[in-house]
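A short worksheet on the structure shown next.
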Amino acid sequence: MPAQSQTSDSSTQPASHFIHDIIDEDRRAGKNGGRVHTRFPPEPNGYLHIGHAKSICLNFGTAKKYGGLCNLRFDDTNPTTENPEYVASIQNDVRWLGFEWDDRLFYASDYFEKLYQFAEHLIETDKAYVDSQTHEQISAQRGDFYRPGQDSPDRTRAKEESRALFRRMRAGEFPDGAHVLRAKIDMRSGNLNLRDPVIYRIKRAHHYRTADSWCIYPMYDYAHCVSDALEGITHSLCTLEFEDHRPLYDWCLDQLPVPCHPQQIEFARLNLSYTVLSKRKLLQLVEDKLVDGWDDPRMPTLAGLRRRGYTPEAIRAFCDRVGVGKRDGVVDVSLLEYHLREDLNARAARAMAVLRPLRVVIENFSEGEVLWCEAQNHPEYPERGSRKVPFGRVVYIEQDDFREVPPKKWFRLTVGSEVRLRYACLIRCHAVVKDPATGEVTELRCTWDPDSRGGSPKDGRKVKGTLHWVSAEHAKDAEVRLYDRLFSQENPNDGDDFKSFLNQSSLQVLRGCKVEPALAASQPAELYQFERLGYFCGDNKDLRDGKLVFNRTIELRDSWAKIEGRQQGES
RNA sequence: UCGGGGAUCGUCCAACGGCAGGACUCCAGAUUCUGGCUCUGGAUAUCUAGGUUCGAAUCCUAGUCCCCGAACCA
């Protein structure tokens with residue numbers, strides 16, 4: 001059985017929720033002929049993040065559940081912020097997450113001509129007019145939360161005149177901002193979105209797909225609902241902030257001869273503790289060089305999570321567990337980490353690596369002799385085989401696994417104590433060698449028990465501590481990047497400036513780490529558990545040309561750190 | 001002070017007039033050649049006040065609090 005199938009992908013049948021209740025009811029009533037067709041509609045103005053993953057899983061997952069389809073559509077109606085790099089990254093990320101749109105890749109910009117014709121239809125039916133006032137005049141007339149708006153003097157403009165002006169807008173006869181096309185709805189509505197919203201503006205900007213063929217561009221509220229209808233979408237799922245756009249969504253479709261009228265349903269977007277999930281803020285981190293690009297392993301982008309070592313299965317399981325509701329809240333990042341560890345524990349091959357090496361000399365072990373130790377690749381899956389790890393007279397252990405003055409409940413190494421070197425043997429420490437200048441421990445002098453070859457002593461005595469180690473003679477050098485959460489505050493969105501909550505030690509680069517020789521063959525993005533430390537992966541950019549670079553995806557749970565932390569709290 | 005939403009363990013999600021349940025987190029223990037994994041046990045919640053009902057998280061009334069909304073952004 002391939003290792004892949006033994007992982008913990010729990011994405012078989014996602015949990016039900018209020019949206020599926022609505023769809024169940026629609027199907028019972030025979031709406032849309034029982035058909036379910038959704039869409040994921042990103043704007044290509046940034047990289048996808050874990051919040052988008054929730055929407056992707058919802059949209060593609062809903063289609064799958066009901067035997068329907070889900071389109072990928074780029075909502076590219078604002079040429080000033082969008083570009084092909086984002087289009088490419090989004091497609092790459094959706095595929096990586098495990099979803100496929102087949103031949104249903106669409107762009108709102110593909111509908112520009114149709115959108116334009118529908119706009120003329122609105123003018124013909126007296127449902128839209130060209131307003132020639134300034135931006136300031138229009139916004140002053142909009143009123144506010146407490147006062148109704150006032151009709152524009154152009155609201156009663158003859159439709160022939162509006163039509164002529166609109167055509168001249170398209171033809172490029174006016175400068176940016178000279179005119180706009182507005183829907184004629186209700187300037188006194190309590191819903192500001194219905195106070196004659198602008199649906200077309202003049203904007204001389206080069207569009208990454210339509211180049212310079214247009215100088216007028218449709219606005220979201222108008223373009224989105226029509227795009228949905230043109231694609232035969234049945235359920236248009238979006239986030240809560242669009243709730244009071246729904247009357248406008250419905251209004252537009254009610255005025256136009258579109259093939260169908262999709263139902264917009266809003267759900268709560270994902271928020272995660274200790275991070276920010278807004279494209280604006282993420283873009284700032286990138287532009288201000290506070291992180292190393294959109295795929296920095298500390299970023300909550302899918303590209304960043306991928307480089308960090310997250311798997312699509314872990315992210316999907318997380319999105320499924322988070323659920324779908326209408327309350328906006330903040331999901332604890334520990335839930336994400338739980339699903340990550342659950343998947344990685346099943347998936348990752350075990351290996352030994354020493355991050356902060358401490359030299360250990362086994363005095364009664366012959367110089368030049370090598371003991372080849374049989375080490376399992378995965379203790380829970382013996383069928384994944386084992387490897388031979390060389391052991392010699394000099395090995396490295398983790399500095400942190402030795403204490404001259406052991407705290408309570410310490411069962412690692414100290415002078416006089418005995419520990420197991422995993423898969424190798426038992427050793428006992430007799431003496432420490434210190435740097436005379438600094439007093440720093442530089443070497444341990446130990447002896448081994450030849451009757452404990454493989455790690456199990458012949459007399460069956462119990463040894464509580466087991467350490468990971470690497471033979472000095474055979475070790476490979478590696479760079480290891482230790483990542484921690486990007487923000488030190490649980491909700492970095494709370495204060496005045498989210499950047500002031502950046503965790504100053506979110507990245508620690510360790511050089512001169514010692515890894516077991518088998519790791520020399522590791523590949524970019526390959527996942528490991530470095531025993532007793534955590535999950536690591538080969539960096540997908542910098543692991544190359546024989547240079548070993550590993551990213552720490554996440555630490556193992558560390559109950560010793562808790563005990564010790566508590567002890568220190570008590571003293 | 002307008003319009004739209006929302007209030008259930010610390011967190012997220014269920015319960016759709018009939019025993020408030022699950023997951024994460026936390027705590028205690030068992031097991032262990034990873035202080036990992038696994039297993040067992042435990043702690044913690046219906047915003048408030050009235051009402052309807054044999055029975056209310058759920059229905060009604062009145063409050064309170066939170067979120068979103070005044071781009072020619074999406």
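Just so it is clear: chains get the letters A, B, ... in the order the sequence lines come, proteins before strands, and each one is counted from 1.
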Can you give me the N/O atom pairs linking the protein to nucleotides 5-7 of chain B at distances under 3.5 Å, or say none if there are none?
unit_1, atom_1, unit_2, atom_2, d
B:rG5, O2', A:Glu243, OE1, 3.2
B:rG5, O2', A:Glu243, OE2, 3.4

Check salt bridge (Lys or Arg N to Asp or Glu O under 4.0 Å) between A:Arg341 and all other residues, then give those that pass, not counting sequence neighbours. none

Regarding A:Asn45 and A:Tyr86, do their side chains bring together a donor and an acceptor under 3.5 Å, going by distance alone? no

Polar side-chain contact A:Glu380-B:rG36 base: donor and acceptor under 3.5 Å: yes

Charged tip of A:Arg201 within 45° of A:Tyr217 ring normal and under 6.0 Å: no

Holding to ring pair (Phe, Tyr, Trp, His ring centres under 6.0 Å), I want the full list of residues that pass it with A:Tyr528, two or more places apart in sequence or in another chain. none

Return the residues of residues 193-203 of chain A meeting this criterion: a heavy atom under 4.0 Å from some atom of RNA chain B. Order them by number, or give none. A:Val198, A:Arg201, A:Lys203

Under the ring pair (Phe, Tyr, Trp, His ring centres under 6.0 Å) test, residues paired with A:Tyr220 that sit two or more places apart: A:His224, A:Phe242

Scan side-chain atoms only and decide if A:Glu85 and A:Tyr47 contain a donor-acceptor pair under the 3.5 Å cut-off. yes

When you measure from every atom of RNA chain B, which of residues 406-414 of chain A have a heavy atom less than 4.0 Å away? A:Lys409, A:Trp410, A:Phe411, A:Arg412

Taking salt bridge (Lys or Arg N to Asp or Glu O under 4.0 Å) as the definition, give me every residue that meets it alongside A:Glu380, ordered by chain and number, with sequence neighbours left out. none

Can you sort out the partners of A:Ala205 under side chain to side chain contact (heavy atoms under 4.5 Å, CB included), two or more places apart, ordered by chain and number? A:Pro79, A:Thr80, A:Lys203

Examine the side chains of A:Tyr107 and A:Asp75 and answer whether a donor and an acceptor come within less than 3.5 Å of each other. no

Treating primed atoms plus P, OP1 and OP2 as sugar-phosphate and everything else as base, which nucleotides of nucleotides 20-31 of chain B get B, S or - for protein heavy atoms under 4.0 Å? ---SSSSSS---

Is A:Gln529 side chain donor-acceptor paired with the B:rU34 base, going by distance under 3.5 Å alone? yes

Protein-nucleotides 41-43 of chain B N/O pairs closer than 3.5 Å?
none

Would you call the rings of A:Trp448 and A:Phe391 parallel, tilted or perpendicular, where under 30° means parallel and over 60° means perpendicular? tilted

Applying ring pair (Phe, Tyr, Trp, His ring centres under 6.0 Å) to A:Tyr423 and not counting sequence neighbours gives none

Donor/acceptor link under 3.5 angstrom from A:Asn191 side chain onto base of B:rG4: no

Range-with-range stems of RNA chain B (Watson-Crick or G-U pairs under 3.5 Å, three or more in a row): B:2-7 with B:64-69, B:10-13 with B:21-24, B:26-30 with B:38-42, B:47-51 with B:59-63

Any idea if B:rA71 is syn or anti, going by the 90°-from-0 cut? syn

